[in-house]
Amino acid sequence: MYTKKIYFSGDLNELQKIFSGVNGVLKISAGNITAQNVSSYVNPAPRNAENISGVEVEFNPKKIDVSTLLDILFSNLNPYEENNLGVYYSTGEDAPQVELYMNFVANKGKCPAVTSAALTLNDPNSKIVRKCYVNFGRVKNFLP
């Protein structure tokens, strides 16, 4: 069976809980990630990173895709808080999906809302911008 792998950094126990039992995820391994060309929207300069604690998620791409795995990750963890979150891919075909998704998350603002007093909350034109702290890049090595 053809499988793919993607890597996430953060709290190991939390990551293992999030992805265990997900249909299409075959194996979750904890370990250390070494990545190259790592960047984030807070620190966009590409750099190499070593010894990042994270998990390797092996999945069946016929049952679940990278975008759905990212949906699951960010529905459980907040990318706007600095807590060592990261998304790392191993194949070039996953790079556009990860980068597009991260661009979406980084530019997603709070939805505007209007109160009964006609006061607009979460004004999209406000100068207060949420910052996406998630790192992303290509995995160079994973050691369980």
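Using a cutoff of 4.0 Å between basic side-chain nitrogens and carboxylate oxygens, Lys4 and Asp94 are scored as salt-bridged.
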Q: Before giving the answer on side chain to side chain contact (heavy atoms under 4.5 Å, CB included), spell out for Leu69 and Phe59 the whole-Å C-alpha distance, their side-chain angles and the decisive distance to 0.1 Å.
A: CA-CA 9 Å; Leu69 290 169; Phe59 63 97; 3.6 Å; yes

Q) What do the steps show when you test Tyr89 against Phe136 for ring-ring contact (aromatic ring centres under 6.0 Å, His included), and what is the final call? A) CA-CA 8 Å; Tyr89 50 87; Phe136 58 96; 8.0 Å; no

Q: Might you work through the side chain to side chain contact (heavy atoms under 4.5 Å, CB included) test for Phe104 and Leu100, ending with a clear yes or no?
A: CA-CA 6 Å; Phe104 167 74; Leu100 178 68; 5.9 Å; no

(Q) The test is side chain to side chain contact (heavy atoms under 4.5 Å, CB included); show your working for Ile52 and Tyr88 and say whether it passes. (A) CA-CA 11 Å; Ile52 306 165; Tyr88 307 96; 3.6 Å; yes

Q.
As a quick check of understanding, evaluate side chain to side chain donor-acceptor pair (under 3.5 Å) for Asp71 and Tyr101, giving each step before the final call.
A. CA-CA 9 Å; Asp71 283 342; Tyr101 197 96; 2.5 Å; yes

Q. Could you go step by step and tell me if Ile6 and Val98 meet the side chain to side chain contact (heavy atoms under 4.5 Å, CB included) rule?
A. CA-CA 10 Å; Ile6 190 159; Val98 170; 4.3 Å; yes

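Neither Val87 nor Tyr133 shares a network with the other; the hydrophobic side chains, linked directly or stepwise wherever heavy atoms of I, L, V, M, F, W or Y lie under 4.5 Å apart, form separate groups for each. Note: the hydrophobic cluster containing Leu77 does not contain Ile33 (ILVMFWY, side chain heavy atoms under 4.5 Å, direct or indirect links). Hydrophobic cluster membership is shared by Leu73 and Val134, with clusters built from Ile, Leu, Val, Met, Phe, Trp and Tyr side chains linked at under 4.5 angstrom. No chain of hydrophobic side-chain contacts below 4.5 Å, direct or via other Ile, Leu, Val, Met, Phe, Trp or Tyr residues, connects Phe8 to Val139. Clustering ILVMFWY residues whenever any of their side-chain heavy atoms sit less than 4.5 angstrom apart, transitively, puts Leu70 in the very cluster that holds Tyr41.
How far CG of Leu15 is from CD of Glu56: 13.0 Å, rounded to the nearest 0.5 Å.
A side-chain donor-acceptor contact under 3.5 Å links Thr3 and Glu58. Between Asp65 and Thr68, the side chains place a donor N or O and an acceptor N or O closer than 3.5 Å (distance only, hydrogens not considered).
Remark: the backbone N or O of Val38 is paired with a side-chain donor or acceptor of Arg47 at under 3.5 angstrom. Between the side chain of Arg138 and the backbone N or O of Gln36, no donor-acceptor pair lies under 3.5 Å. Judged by distance alone, the side chain of Ser39 and the main-chain N or O of Pro46 form no donor-acceptor pair under 3.5 Å. Between the side chain of Tyr80 and the backbone N or O of Val105 there is at least one donor-acceptor pair closer than 3.5 Å.
Contact between Lys27 and Ser29 at its shortest, heavy atoms only, is CE-OG, 3.4 Å. Heavy atoms only, all atoms of each residue included: Val22 and Ile18 are closest at CG2-O, 3.5 Å.
The ring of Tyr7 has its center closer than 6.0 angstrom to the ring center of Phe142.
When side chains are defined from C-beta on, Asn135 does not count as touching Leu85, because their heavy atoms never get closer than 4.5 Å.
The number of heavy-atom neighbours closer than 6.0 Å to CG of Asn84, taken from other residues, nucleotides and ligands shown, is 12 or below. Environment of CD in Gln16: crowded, with over 12 heavy atoms of neighbouring residues, nucleotides or ligands closer than 6.0 Å.
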